[in-house]
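A note on names: the letters A, B, ... follow the listed sequences, proteins ahead of strands, and every chain is numbered from 1.
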Number of protein chains: 2
Amino acid sequence: MIQRAVREMEEYSVNRAKSEPKNGSMQATVIAEMRRRIIKGDIEPGAPLSELALADEFGVSRTPVREALKQLQTEGLVEIRPRVGTFVTIPSRREITELFEMKELIEGAAARLLAQRGRVPEIDLLERNLREADEAVERDDRERYAELVHEFHDLLVAGADNTKLQAHYRMLMNQLAYARLVMTSLSQPGRATQSDREHHLVLELILAKDGDSAEQVMREHVRASRRALLAGLPISGRHAGSGVASN
Amino acid sequence: MIQRAVREMEEYSVNRAKSEPKNGSMQATVIAEMRRRIIKGDIEPGAPLSELALADEFGVSRTPVREALKQLQTEGLVEIRPRVGTFVTIPSRREITELFEMKELIEGAAARLLAQRGRVPEIDLLERNLREADEAVERDDRERYAELVHEFHDLLVAGADNTKLQAHYRMLMNQLAYARLVMTSLSQPGRATQSDREHHLVLELILAKDGDSAEQVMREHVRASRRALLAGLPISGRHAGSGVASN
DNA sequence: CGGCCCGCACTGGCATACAAGAAGCAGTAA
DNA sequence: TTACTGCTTCTTGTATGCCAGTGCGGGCCG
């Protein structure tokens, strides 16, 4: 088959793997790298992940690869079908909606908590972030603005000073493969400007220590971003029917 | 063809509790059983888990045990210290607080969502649950009431009809080893009665489709249960004194 | 007598070999 | 031509052996 030839051609891209794993175990390297690829979108959702191929590529045996995939499964990034194969999770439209519902919940709570905490280092970082974001919007630099959006939300959650909240948030964002999606949402005309304005408002309310309003506005902001995203998303009538093994 | 004869011989090596007929996978069995033990408190927090010993006990090799422990680690139930050992996670007081903050958040949201959904099957189950709970309180059957409390909260979250919410909630509860804790909280005098009353109030608000109030009361209920719990908890003086994770 | 150091036993990490289900493919018969 | 059947070849699941880091205890030296 032709596909086989393609697969073999890509095997040389290992050069990075060997240089990093000095500190940690191989499986940690595999986990980090595979997660990065999936989130960034290097690997297409639904694509099969062969343990053997990955082991070969990373220059390790199947064992660490297996354990890495197992972890990525509980993180919701891949789906392991016993005796069949491992595949990159393809989130259904419904799942995306659910994830955004969670996102709204967590970020809203984070905004409230941050407001209650008063002036903490994250506040300064948020202000700096917004200054940069303003410039990016001015320049119409959507790539940079997407990064800053990501940072803004991360800072907000970090500022809530709740490691569990943060952990769940990260898992959420990974499942959303947010990096892939933000650009889509920003492709909506005027969305960047609007988004930037909403960020400013949230931070103002936080500075005013108005937790209730901060939460409410933040939640509305998430809903708006979801709308912008779904509007720019292809129809995607794919059936992601197989239940996610979430025992 | 020759190999076929061999396989039959080893078929019945594992014939203990077949609680998971759905998945014949050994590691799934190990995961489920170990999770049950940890959550239920059969294994003391901080206790070492030897791969070899577990493999021996379950009648399998180390491989499925390893993968099971790996998954339990990402679920936050055990901590694997490379080259040292695997230990049941000891949640610090701060972590417990954080987990309750999340619990409050999620259950509050669930109450709101359920209220918005109107009359769904879960509502009936909740009503039945409360009737039984009333009787249990009447009889002062704390054991049974603890079960019902668990079920009440589970039903509430299930009724929110958001699988992601449910998944995160389950992980949360597992980390809390809630089953261990509920009894502690109920040991506070009058807590059971109070708790039951709060449940009733929440359900009433849900039936009235008053999502805002339902969320608020639910959150207050969680805070109350946390207070009851922390009040009944020993003063952070850990029994297993050998340098556990300081967190 | 006390402190240091080396070695042993135990741990998990990784590689490798084998087993067995799943799925596609080819060949045959209707 | 089409549908069915059996096989071939994928895949993951499991077992086992070896390796390397860690911690502890006993022995040796000061």
*What's the shortest heavy-atom distance between A:L172 and A:K103, and which atoms?*
CD2-N, 3.5 Å

*Nucleotide-resolved protein contact map, nucleotides 18-25 of chain D, B/S/- at heavy-atom distance under 4.0 Å*: B-BBS---

*What's the CD-C1' distance between A:E79 and D:dT11, to the nearest Å?*
15 Å

*Once you round it to whole Å, what is the distance between C1' of C:dA23 and CZ of A:F87?*
11 Å

_Donor-acceptor pair between A:E67 and A:Q71 side chains, under 3.5 angstrom_ = no

*Knowing that exactly one of B:R219, B:H221, B:R226 qualifies, which makes a side chain to side chain donor-acceptor pair (under 3.5 Å) with B:E104?*
B:R219

_Nearest-angstrom distance from the residue atom CD1 of B:I80 to P of C:dC14_ = 11 Å

*Nearest-Å distance, CD (B:Q73) to P (C:dG12)?*
12 Å

*If you look at every strand shown and take non-hydrogen atoms under 4.0 Å, does A:E67 touch a base, only sugar-phosphate, or nothing?*
nothing

_Atom-pair distance (CG on A:D56; P on C:dT16), nearest Å_ = 11 Å

*Starting from P on C:dA15, measure out to CZ on B:R66 and report it in whole angstrom.*
11 Å

*Any donor-acceptor pair under 3.5 Å linking the side chain of A:T97 with the backbone of A:R93?*
yes

*Specify the separation, in whole Å, of atom CD of B:Q27 and atom C1' of D:dA15.*
13 Å

_Please evaluate residues B:T74 and A:T74 with respect to the criterion side chain to side chain donor-acceptor pair (under 3.5 Å), reporting the C-alpha separation (whole Å), side-chain torsions for both, the decisive distance (0.1 Å), and the verdict._
CA-CA 7 Å; B:T74 82; A:T74 83; 2.6 Å; yes

*Take atom CG of B:L54 and atom P of D:dA15, then tell me their distance rounded to the nearest Å.*
14 Å

*Check whether any side-chain N or O of A:S50 sits under 4.0 Å from OP1 or OP2 of D:dC10, and answer yes or no.*
no

*Mapping A:T63 and A:L69 to their closest nucleotides on DNA chain D, which lands nearer the 5' end?*
A:L69

*asked:* Does A:R170, at its CZ atom, have more than 12 non-hydrogen atoms belonging to other residues, nucleotides or ligands within less than 6.0 Å?
replied: no

*Kindly indicate, with the supporting measurements, whether the criterion side chain to side chain donor-acceptor pair (under 3.5 Å) is fulfilled by A:T86 and A:E79.*
CA-CA 6 Å; A:T86 303; A:E79 180 186 353; over 6 Å; no

